[in-house]
Amino acid sequence: MTFPVHRPRRLRRNAAIRAMVRETTLRPEQLVSPLFVTPGENRKKPIGSMPGHAQLSVDLALAEAKSLWALGIRSFLFFGLPDRKDDEGSGAWDPTGPVPTAMRAIKDALPDAVLMADVCVDEYTAHGHCGVLRTRRDGSVDVDNDATVERLARISLVYAEAGADVIAPSDMMDDRIGAIRRALDGNGHDEVIVMSYAVKYASAFYGPFREAADCAPKFGDRASYQMDPANTREAMREVALDLEEGADIVMVKPALAYLDVISRVKEAVSVPVAAYNVSGEYAMLHAAAANGWLDLTRVVKETLLSIRRAGADIIITYHARDIAEHL
Ligand code: PBG
């Protein structure tokens with residue numbers, strides 16, 4: 001007679017045993033909540049494709065951060081919507097712009113909060129691209145890498161001066177991590193963390209964000225700077241370069257369609273890995289839940305766990321409020 005010695009169900013028998021053997025945790029302090037900040041006061045403009053999120057003036061962004069803080073969320077990622085845009089995106093380095101103003105106000109009210117500033121010009125440029133443009137010899141127009149990097153370093157300094165704990169460049173220019181690191185170190189900001197959007201794909205999942213931040217490119221697309229969704233080895237190259245240039249944290253974005261990439265990056269590096277659970281991933285679950293097709297709390301938890309399981313230490317997610325009180 002043979003005995004079934006290996007019976008995995010023994011370890012699933014009750015909640016306490018399941019909790020004891022659980023391999024992956026999901027905690028509010030691992031989540032980062034994005035905030036979209038506008039100038040003005042008492043202004044709230046809901047984002048249609050991202051139910052529960054809105055463009056908020058500084059006072060309302062502060063109230064939102066306080067309410068998320070009460071739920072255990074400790075980190076915020078700032079995006080700014082300026083009143084006016086130009087070809088260079090000069091609003092991005094205005095120290096009186098919505099992002100520096102919001103960071104100063106939130107740092108004052110919540111001194112222990114982790115403030116992360118997304119660094120990119122696309123919300124500030126009239127053409128919607130992530131850099132300044134140049135005309136190539138053949139007459140085609142492209143984003144000028146080095147001219148853009150110079151501006152990114154300038155923006156990073158303005159955000160560091162305003163109290164950013166983390167500078168997070170999302171533009172995908174070459175050499176920007178080193179340039180930003182040098183600018184920070186050269187100006188007394190050696191403690192400021194650089195979290196690189198190291199692996200950012202040219203993804204259709206950013207659709208709702210472009211409504212949220214009003215930054216869809218007015219012509220062409222971002223394929224000459226964001227990565228081809230077909231590539232993984234290139235992702236490893238981007239990560240290696242950013243680490244060499246001094247990145248403290250590397251990010252993969254989007255998350256769900258790229259869990260394999262998160263996992264591979266995690267195995268290859270010893271720095272913390274972040275994943276960005278992007279706007280389209282948020283919109284999908286909310287749309288299905290609004291139709292009664294999915295149980296929102298359960299699918300959000302399962303989704304965020306999958307990103308943690310793949311290897312993300314930190315998850316940037318619009319679901320922070322959906323899930324914090326259920327953790
Ligand atoms: C660009 C930026 C984008 C996102 C974050 N930073 C949009 C883009 O690259 O087009 C997308 C985030 C999301 O979809 O949630 N500065």
Side-chain angles (χ1 to χ4, degrees), residues 8-35 50-53 68-77 114 116 166 168 195 197-201 203 205-206 208-209 229 232 235 239 249-327:
R9 284 188 57 197
R10 279 184 199 120
L11 299 178
R12 298 181 205 135
R13 185 158 56 88
N14 64 38
I17 295 173
R18 289 193 295 273
M20 180 178 74
V21 300
R22 189 158 294 135
E23 299 172 33
T24 312
T25 60
L26 184 61
R27 304 288 318 142
E29 59 269 24
Q30 296 157 343
L31 308 179
V32 181
S33 188
L35 294 172
M50 299 176 69
H53 283 272
L68 287 163
W69 179 268
L71 294 172
I73 303 298
R74 297 290 172 257
S75 314
F76 307 96
L77 175 64
V114 182
M116 304 186 166
V166 179
M195 175 170 77
Y197 286 66
V199 184
K200 179 174 177 182
Y201 289 95
S203 171
F205 285 102
Y206 306 149
F209 178 93
T232 320
V239 166
I249 302 173
V250 289
M251 190 203 297
V252 174
K253 175 184 175 184
L256 278 189
Y258 301 89
L259 293 175
D260 59 323
V261 180
I262 296 172
S263 160
R264 207 165 148 196
V265 168
K266 181 56 175 266
E267 302 230 316
V269 306
S270 57
V271 296
V273 174
Y276 201 137
N277 176 218
V278 301
S279 59
E281 300 171 22
Y282 176 84
M284 286 196 297
L285 298 192
H286 270 270
N291 277 296
W293 298 338
L294 289 174
D295 176 330
L296 186 70
T297 307
R298 292 189 57 204
V299 288
V300 167
K301 196 168 186 181
E302 193 173 330
T303 298
L304 296 178
L305 260 182
S306 79
I307 299 169
R308 290 270 303 140
R309 216 176 53 236
D313 300 289
I314 303 161
I315 308 176
I316 296 151
T317 181
Y318 304 97
H319 289 300
R321 182 180 292 286
D322 294 336
I323 201 67
E325 53 193 322
H326 302 283
L327 298 179

* Would you indicate whether R10, at its atom CZ, is surrounded by more than 12 heavy atoms from other residues, nucleotides or ligands within a distance under 6.0 Å? => yes
* Asked: Quick one: CG on D322 to CG on L296, what's the gap to the nearest 0.5 Å?
  -> 5.0 Å
* Mark yes when over 12 heavy atoms from residues, nucleotides or ligands other than R298 sit less than 6.0 Å from its CZ; otherwise mark no. => no
* If you count the non-hydrogen atoms of other residues, nucleotides and ligands that lie under 6.0 Å from CD in E29, is the total more than 12? -> yes
* Asked: If you measure from CG on D295 to CD on E302, what distance do you get to the nearest 0.5 Å?
  -> 10.0 Å
* Asked: Taking atom OG1 of T297 and atom NE2 of H319, what is their separation to the nearest 0.5 Å?
  -> 10.5 Å
* For A324 and L71, which heavy atoms make the closest approach, and how far apart are they? -> CB-O, 3.6 Å
* **Atom of L259, atom of A310 and distance for their closest heavy-atom approach** => O-CB, 3.8 Å
* To do: Apply side chain to side chain contact (heavy atoms under 4.5 Å, CB included) to the pair R12 and I17, showing each step before the final yes or no.
  => CA-CA 6 Å; R12 298 181 205 135; I17 295 173; over 6 Å; no
* To do: Go through the steps to decide whether K266 and D313 satisfy the test side chain to side chain contact (heavy atoms under 4.5 Å, CB included), and finish with yes or no.
  => CA-CA 9 Å; K266 181 56 175 266; D313 300 289; 3.1 Å; yes
* If you round to the nearest 0.5 Å, how far is CD1 of I307 from CD1 of I316? -> 10.5 Å
* Is there a side-chain contact between V261 and Y201 (heavy atoms, below 4.5 Å)? -> yes
* side chain to side chain contact (heavy atoms under 4.5 Å, CB included) between I323 and K301, intermediate numbers included -> CA-CA 7 Å; I323 201 67; K301 196 168 186 181; 3.8 Å; yes
* Structure fact -> Residue pairs meeting ring pair (Phe, Tyr, Trp, His ring centres under 6.0 Å), one or both in residues 289-310, sequence neighbours left out, come to none
* Judged by atom type as modelled, is there a donor-acceptor pair below 3.5 Å linking the side chain of E281 to the main-chain atoms of P254? -> no
* Can you list the residues that meet the side-chain hydrogen bond (donor to acceptor under 3.5 Å, both in side chains) rule with H53, with sequence neighbours excluded? -> none
* Structure fact -> To the nearest 0.5 Å, atom CG of L35 lies from atom CE of M116 at 12.0 Å
* Does any N or O in the side chain of R74 come within less than 3.5 Å of the main-chain N or O of W69, such that one atom is a donor and the other an acceptor? -> yes
* Would you mind telling me which of Y282, F76, Y276 makes a side chain to side chain contact (heavy atoms under 4.5 Å, CB included) with P34? => Y276
* Structure fact -> Closest non-hydrogen atoms of A283 and P208, given as atom of the first, atom of the second and distance, are CB-CG, 3.9 Å
* Identify the two heavy atoms, one from I73 and one from S33, that lie closest to each other, and give their separation to 0.1 Å. => CG2-CB, 4.2 Å
* **R308 side, atom CZ; L31 side, atom CG - distance, nearest 0.5 Å** => 9.0 Å
* Asked: Around atom OH of Y318, are there more than 12 heavy atoms of other residues, nucleotides or ligands at under 6.0 Å?
  -> yes
* With the side chain counted from C-beta on, respond yes when I315 and Q30 share a heavy-atom pair under 4.5 Å apart, and no when they do not. => no
* To do: List the steps, then state whether side chain to side chain contact (heavy atoms under 4.5 Å, CB included) holds for V239 with V199.
  => CA-CA 7 Å; V239 166; V199 184; 3.5 Å; yes
